[in-house]
Amino acid sequence: MPPRLRRSFFDRSVHKVAPELIGATLLVDGVGGVIVEVEAYHHTDPAAHSYIGRTNRNAIMFGPAGYAYVYRSYGIHWCLNFVCEAAGSASAVLIRAIEPTAGIAAMRRRRGKDLALPEERALCSGPGKLCQAVGVTIKHNGLALDRPPFELRARASVPDIVVGPRIGITKAVDAPWRYGLAGSKFLSKPFKI
DNA sequence: CTCTCGATTATCT
DNA sequence: GATAATCGAGAGC
């Protein structure tokens with residue numbers, strides 16, 4: 001089994017960490033799969049929650065790397081981020097999609113509440129879906145990524161990665177800081193060629 | 001396939 | 001009071 005990702009893995013530029021997360025495995029209480037899509041948010045980026053400075057919501061982003069930053073999206077969904085870089089840098093990677101490999105029955109159960117027929121490719125193909133499927137909520141905000149309930153494993157080999165502009169934002173819409181596993185059918189949306 | 005719209009609430013102005 | 005790093009349903013082509 002590939003080694004756990006250590007705290008030091010996250011203690012680097014968010015633009016280096018983000019693409020290296022593609023292919024890594026994320027489990028929460030044993031439920032999860034292979035990360036296939038992420039986005040990088042740096043504190044100098046107008047689209048980042050930390051751009052306006054420290055607030056109650058984004059406080060975790062201003063702490064040390066290797067912790068989870070969870071926030072409520074559109075009043076309905078949860079979104080999971082990994083804090084990167086040195087404390088105070090306030091940068092993070094948004095986890096946008098995973099390919100389910102572990103605990104699929106549990107994911108189907110949790111997602112099935114709001115979906116009549118939860119197809120496997122619809123279980124975790126988006127930041128809100130993925131949090132619902134693996135059971136991430138605000139309770140996970142500020143938890144260390146190298147300890148339970150989180151389990152992060154490095155990828156075994158370097159996959160083909162596609163890059164493009166980020167999704168669903170209204171500022172800095174052209175910055176190419178979305179990364180995906182090439183050819184994956186578990187992406188939230190296809191990458192344009 | 002694409003497009004539009006409503007849900008729902010913490011956060012910030 | 002307006003906004004938002006989303007999602008799913010439904011309409012139309």
Side-chain angles (χ1 to χ4, degrees), chain A residues 10 13-15 17-19 21-22 26 28 33 35-63 65 67-85 89-100 107-142 145 162-181 184-193:
Chain A
F10 300 97
S13 162
V14 73
H15 294 304
V17 174
L21 281 169
I22 301 299
L26 163 67
V28 181
I35 298 173
V36 297
E37 182 184 341
V38 302
E39 286 176 357
Y41 288 87
H42 189 260
H43 74 284
T44 56
D45 164 16
H49 286 173
S50 53
Y51 183 70
I52 57 172
R54 185 185 181 124
T55 66
N56 201 34
R57 173 174 74 161
N58 67 23
I60 296 298
M61 284 185 80
F62 285 79
Y67 288 83
Y69 164 50
V70 180
Y71 69 92
R72 179 78 92 168
S73 175
Y74 287 88
I76 303 172
H77 311 284
W78 300 108
C79 288
L80 171 65
N81 296 252
F82 297 164
V83 176
C84 294
E85 307 196 11
S89 172
S91 302
V93 177
L94 170 69
I95 310 303
R96 285 194 57 90
I98 66 181
E99 174 176 344
M107 293 188 195
R108 219 177 272 280
R109 204 177 314 124
R110 290 193 275 234
R111 293 271 298 135
K113 276 186 307 171
D114 300 337
L115 204 62
L117 300 168
E119 291 182 65
E120 188 160 321
R121 62 185 306 169
L123 288 177
C124 301
S125 53
K129 300 181 195 180
L130 155 184
C131 284
Q132 185 184 19
V134 305
V136 164
T137 69
I138 193 63
K139 288 186 298 190
H140 296 83
N141 190 40
L145 297 170
V162 284
V163 181
R166 296 171 293 182
I167 301 218
I169 55 175
T170 56
K171 302 163 196 156
V173 295
D174 294 325
W177 294 331
R178 176 183 179 224
Y179 302 93
L181 177 63
S184 173
K185 60 180 183 183
F186 296 92
L187 302 173
S188 65
K189 285 175 69 172
F191 282 74
K192 293 189 177 160
I193 311 164

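Basis for what follows: all heavy atoms, side chains included, without hydrogens, waters or symmetry-related copies. Lettering of chains follows the sequences in order, A, B, ..., and the numbering in each one begins at 1. Values in this document were obtained by computation on a predicted structure and should not be read as measured data.
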Residue list, side chain to side chain contact (heavy atoms under 4.5 Å, CB included) with Ser125(A), at least two apart or on another chain:
Lys129(A)
Show every donor-acceptor pair shorter than 3.5 Å between a side-chain atom in residues 186-193 of chain A and any protein atom, with sequence neighbours excluded, or say none if there are none.
{"unit_1": "Ser188(A)", "atom_1": "OG", "unit_2": "Glu37(A)", "atom_2": "OE1", "d": "3.0"}
{"unit_1": "Ser188(A)", "atom_1": "OG", "unit_2": "Glu37(A)", "atom_2": "OE2", "d": "2.8"}
{"unit_1": "Ser188(A)", "atom_1": "OG", "unit_2": "Arg96(A)", "atom_2": "NH2", "d": "3.1"}

Show me the dot-bracket string of DNA chain B, counting Watson-Crick or G-U pairs under 3.5 Å, with | for pairs to another strand and [ ] for crossing ones.
|||||||.||||.
Between C1' of dT9(B) and CH2 of Trp78(A), the distance in whole Å:
9 Å
NA contact type, Arg96(A), heavy-atom cut-off 4.0 Å: base, sugar-phosphate, or nothing?
sugar-phosphate
Return the value, rounded to whole Å, for the distance between atom CG of Leu80(A) and atom C1' of dA5(C).
12 Å
Ring-on-base stacking between Tyr41(A) and dA5(C), under 5.5 Å between centres and under 30° between planes: is it there?
yes
If a protein heavy atom is under 4.0 Å from the base, mark B; if only from the sugar-phosphate, S; if neither, -; do that for nucleotides 3-8 of chain B going 5' to 3'.
----BB
Solution key, residues 67-78 of chain A side-chain donor-acceptor pairs under 3.5 Å, sequence neighbours excluded:
{"unit_1": "Tyr67(A)", "atom_1": "OH", "unit_2": "Arg7(A)", "atom_2": "NH1", "d": "2.9"}
{"unit_1": "Tyr69(A)", "atom_1": "OH", "unit_2": "His49(A)", "atom_2": "ND1", "d": "2.8"}
{"unit_1": "Arg72(A)", "atom_1": "NH1", "unit_2": "Ile76(A)", "atom_2": "O", "d": "3.0"}

Quick one: which protein N/O atoms are closer than 3.5 Å to N/O atoms of nucleotides 11-13 of chain B? Pair and distance per line, please.
{"unit_1": "dC12(B)", "atom_1": "OP1", "unit_2": "Thr55(A)", "atom_2": "OG1", "d": "2.3"}

Whole-Å distance between dA4(C) C1' and Arg166(A) CZ?
15 Å
Separation of atom CD in Glu37(A) from atom C1' in dA5(C), rounded to whole Å:
11 Å
Is Ile169(A) touching bases, backbone alone, or none of the nucleic acid, heavy atoms closer than 4.0 Å?
sugar-phosphate
